[in-house]
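Chain naming here is simple, since letters A, B, ... match the order of the sequence lines and numbering starts at 1 in each. Both backbone and side-chain heavy atoms feed into the values below; hydrogens, waters and symmetry mates do not. Keep in mind that this is a model prediction, so the values were computed, not measured.
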Protein chains: 2
Amino acid sequence: MESVSAQLEEFETSCRSLGLKVTHQRVEVFRELLMAIDHPAADKLHQRLREKLPMISLDTVYRTLTTLAKYGLINRVETPESLARFEVAQIRHHHLICRSCGEIKDFVCPIIDGVALPDELQTWGKIDNKNMVVYGVCRKCLKKKQH
Amino acid sequence: MESVSAQLEEFETSCRSLGLKVTHQRVEVFRELLMAIDHPAADKLHQRLREKLPMISLDTVYRTLTTLAKYGLINRVETPESLARFEVAQIRHHHLICRSCGEIKDFVCPIIDGVALPDELQTWGKIDNKNMVVYGVCRKCLKKKQH
DNA sequence: CTTGATGCAAATAGTTTGCAGGCTC
DNA sequence: GAGCCTGCAAACTATTTGCATCAAG
């Protein structure tokens, strides 16, 4: 596991080699996402960022997230609420999503990673990512429902 | 593989047992989705439906899709464009999504279906669905890019 | 200095909701 | 006939975009 500062340094290097300017806002967006464990949506991230950067605008957050996702520095996670959520692109993992509260949890599963996809997919085009998404209702929500 | 009329009949039976009224609009929305192979979004479905039901409103399509998905009669498919798309809940399958044109293709993979998920997921809550989502760029889009 | 990034405000796009009338059960 | 469903219009929410200014390389 890399340290936060090492990851930030790597981020800046990546930006430079991609021709993206290393702005204060971009670094902070990335740092905030690096610290987050809850796959925040743009709006939530914006709220958190304003503590450090009171002037940062929501559309800059959107633009930054879109740009970073486009270059693969972060991942966009699809959710059932059609509300985009984000995470720093880390080790290969999959997602567990609660239909009730929307919580997204990561899990690793080397077996799934190792499964060979059907041959027909090879002729379809160029595959660059596979992700297992597991839906259900988390324990907290199951308890709430009993009332 | 069931015939279309058999599936429609089953749909009506399901609605009744769920306490949902079998309206003309609902049946047509379901039928249209049954015939579709492209996982249409609400808007596209609405366009198609207007050929048969010129008066059907877009919000009825939305309401119907939401209701049917809630009861598991159809599935909502998440996409990278945060635009909800739908399909009739058929046999267990997975999705292949083109990042460029948004095409969604189904594929079956018994091996993936059979993989036991890590134990930690059992304690998380109640799991009701697992789906592999494979992202890439389809051949048609790869060709376009070469120009 | 040049070009891309930001902040502001306004525009979009997808989706949801309140209400009155209509249709299923 | 009772209550859910529909159509219409308006509201909302998430996200995008045009433009002038500003800052990184």
To the nearest angstrom, the CG-P distance between A/Leu18 and D/dG25 comes to 13 Å

Residues B/Asn131 and B/His93: closest non-hydrogen pair is ND2-O, 3.0 Å

If only atom types and distance count, is the side chain of A/Arg76 paired as donor or acceptor with the main-chain N or O of B/Glu81 below 3.5 Å? no

In whole Å, I'd like the distance from the CZ atom of A/Arg85 to the P atom of D/dA14. 12 Å

Residue pair B/Thr23/A/Thr23 against DNA chain C: nearer the 5' end by closest nucleotide is A/Thr23

Euclidean distance, atom NE2 of residue B/His46 to atom C1' of D/dT6 [Å, nearest integer]: 12 Å

Contact interval (first through last nucleotide) of DNA chain C with protein chain B, 4.0 Å heavy-atom: C/dG14 to C/dC25

In whole angstrom, what separates A/Arg26's CZ from D/dA23's P? 15 Å

Protein heavy-atom contacts under 4.0 Å, written 5' to 3' over nucleotides 7-13 of chain D as B (base), S (sugar-phosphate only) or - (none), form the string BBB----

Is the number of heavy atoms from other residues, nucleotides or ligands under 6.0 Å of A/Glu120 CD greater than 12? yes

Is there a side-chain contact (heavy atoms from CB on, under 4.5 Å) between B/Phe11 and B/Val88? Walk through the geometry before answering. CA-CA 10 Å; B/Phe11 169 70; B/Val88 168; over 6 Å; no

Enter the distance from B/Leu33:CG to B/Leu65:CG here, rounded to the nearest 0.5 Å. 6.5 Å

Just checking, any donor-acceptor pair under 3.5 angstrom between side chains of B/Asn75 and B/His39? no

Need one value for B/Ala84: base, sugar-phosphate or nothing, where a base atom within 4.0 Å counts as base even if backbone is also close, heavy atoms only. sugar-phosphate

Any chance the side chains of B/Asp106 and B/His94 put a donor and an acceptor closer than 3.5 Å? no

What is the distance, rounded to the nearest whole Å, between atom CG of B/Leu83 and atom P of D/dT16? 12 Å

Distance check: side-chain N/O of A/Tyr62 vs OP1/OP2 of D/dT16, anything under 4.0 Å? no

Rounded distance in Å - NE2 (A/His24) to C1' (D/dA23): 13 Å

Determine the contact category for B/Thr66: base if any of its heavy atoms lies under 4.0 Å from a base atom, sugar-phosphate if only primed atoms, P, OP1 or OP2 are that close, otherwise nothing. sugar-phosphate

Could you state the atom-to-atom distance from CG of A/Asp43 to P of D/dT15 in whole Å? 9 Å

Within-4.5 Å side-chain heavy-atom neighbours: A/Ile112 and B/Leu117: yes

Any Lys/Arg nitrogen of B/Lys140 or B/Glu103 sitting under 4.0 Å from an Asp/Glu carboxylate oxygen of the other? yes

What is the separation between atom NZ on A/Lys70 and atom P on D/dT16, rounded to the nearest whole Å? 12 Å

Hey, which sits more toward the 5' end of DNA chain C by its nearest nucleotide, B/Ala42 or A/Thr67? A/Thr67

